[in-house]
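Let me begin by presenting the structure, written as structure tokens, before commenting on it.
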Amino acid sequence: MYQGNRVMVGMPAYNEAENIATAVENFLAQNTVDEVVVVDNNSSDNTAELAEEAGATVVSETRQGYGYACQRAFQEMYEHDSDLLVLVEPDGTFVADDIEKLLSYSSDFDFVVGTRTSPQLIWEGANMDPFLRWGNWFVGKLVEVLHNTSNLTDVGCTFRLIKADAYEDIRHRFRIGGSHFSPHMLIEAAREDISMIEIPVNYRSRKGTSKITGERWPAFKLGLVMIWLVVSEWYSDN
């Protein structure tokens, strides 16, 4: 619990056997976290078994895609009567202690989003070279200007918190099943005038292989998809 609010952590997972147990255990060790739910997105390894052994509630999402897994995680947390819904990837890139940062800002904001682009918090070996860092910054500023949000420097950070009431206001708008779900959620929150703030979080090297941004060309193509989404959504509103 955090200030009387039930806190759940949701983890979208696809073949994350290398670190899933550690991630679950680290977040459950936080005295503010009540429960961890892992969404197994058709893993071919033993991600689900390891997560359950570590103490997580495990559910399956058969629709393949990062966005579908994230949506299912939010849905499960909401249906389990969580007041504060926290999303995070279980690949070792995020630090469980940083959840306290998100929680502290939840007293003033309904939507708290992490950023991985602060140089002082990017660990050695983290997958955040200048190409990815400035790419995220550029798309973040595009969202900020076109959709009138608060300061944004990272559109791809999974580590985020949203209050249940705010989630209820936008959940019917979710329609992106792919890897560009993160900016999609930012845009939908802006459309509903949900109070939002971005805060810096630690970003470390991942365990296992990145499914999208581990290579330059797939990361570049994802960036183009995100730009198209941001601009097309702005155009549809004007």
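Any value given below was found using the heavy atoms of this structure, including those in side chains, with hydrogens, waters and symmetry copies removed.
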Looking only at atom types and distance, does a side-chain atom of Ser232 sit under 3.5 Å from a main-chain N or O of Trp228, one as donor and one as acceptor? yes
Side chains of Leu229 and His184: closer than 4.5 Å at any heavy-atom pair? yes
Note: Glu16-Lys207 ion pair, threshold 4.0 Å (strictly below): no
Take Arg204 and Glu124, measure what salt bridge (Lys or Arg N to Asp or Glu O under 4.0 Å) needs, and give me the verdict at the end. CA-CA 7 Å; Arg204 305 184 297 189; Glu124 184 178 356; over 6 Å; no
Under 3.5 Å donor-acceptor, Thr93 side chain and Tyr203 backbone: no
So that I can tick it off, tell me whether Asp154 and Arg116 are bridged by a salt bridge, with the cut-off set at under 4.0 angstrom between side-chain N and carboxylate O. yes
Tell me the closest heavy-atom pair linking Ala13 and Ser43, and the distance in Å. O-OG, 3.6 Å
Between Phe174 and Phe181, is the ring centroid distance below 6.0 Å? yes
Side chains of Phe27 and Met11 in contact at under 4.5 Å (non-hydrogen atoms): yes
Would you indicate whether the side-chain heavy atoms of Leu161 and Leu87 approach each other to under 4.5 Å? no
So, Tyr68 versus Thr62: side-chain donor-acceptor pair below 3.5 Å or not? no
Would you say Leu121 and Val201 make side-chain contact, with heavy atoms under 4.5 Å? no
Between Asn151 and Lys141, a side-chain donor and acceptor under 3.5 Å: yes
Strictly by modelled atom types, are Asn42 and Gln64 linked by a side-chain donor-acceptor pair under 3.5 Å? yes
Quick one: does Val36's side chain get under 4.5 Å of Thr57's, heavy atoms only? no
Value for CG (Leu142) from CH2 (Trp234), rounded to nearest 0.5 Å, stands at 10.0 Å
Do the charged groups of Glu192 and Arg173 touch, with an N to O distance under 4.0 Å? yes
Do Met185 and Phe74 come within less than 4.5 Å of each other through their side chains, counting heavy atoms only? yes
Measure the acute angle between the ring planes of Phe109 and Tyr105, then classify it against the limits of 30° and 60° as parallel, tilted or perpendicular. tilted
Closest heavy-atom pair and its distance - Pro90, Ile20: CB-CD1, 3.5 Å
Tell me every residue that passes side chain to side chain contact (heavy atoms under 4.5 Å, CB included) with Asp97, counting only those two or more places apart in sequence or in another chain. Gln30, Val95
Any idea which heavy atoms bring Ala17 and Leu50 closest together, and the distance? O-CD1, 3.5 Å
If we check side-chain contact (heavy atoms from CB on, under 4.5 Å) with Leu146, which of these qualifies: Val230, Asp237, Ile187? Val230
Checking side-chain polar atoms at under 3.5 Å, does Glu100 have a donor or acceptor matched by the opposite partner on Thr32? yes
Identify the two heavy atoms, one from Pro12 and one from Cys70, that lie closest to each other, and give their separation to 0.1 Å. CG-SG, 4.0 Å
One thing to verify: whether Glu198 and Lys101 come together as a salt bridge, which I'm taking to mean a side-chain N less than 4.0 angstrom from a carboxylate O. no
Those residues at least two apart in sequence (or on a different chain) that pass side chain to side chain donor-acceptor pair (under 3.5 Å) with Arg72 are Glu76
Answer yes or no: are there more than 12 heavy-atom neighbours, outside Glu35 itself, under 6.0 Å from its atom CD? yes
Do Ile199 and Val113 have side chains that get closer than 4.5 Å, going by heavy atoms? no
Assigning hydrophobic clusters by single linkage (Ile, Leu, Val, Met, Phe, Trp, Tyr; side-chain heavy-atom cutoff under 4.5 Å), is Ile122 placed with Phe131? yes
With a 4.5 Å limit on heavy-atom distance, are the side chains of Ser44 and Asn15 in contact? yes
Write down the atom of Arg160, the atom of Ser182, and the distance for their closest heavy-atom approach. NH1-O, 3.3 Å
Heavy-atom closest contact (Met196 atom, Ala190 atom, distance): CE-N, 4.3 Å
Name all residues meeting the side chain to side chain donor-acceptor pair (under 3.5 Å) criterion together with Tyr167; count only those two or more places apart in sequence or in a different chain, and write none if there are none. none
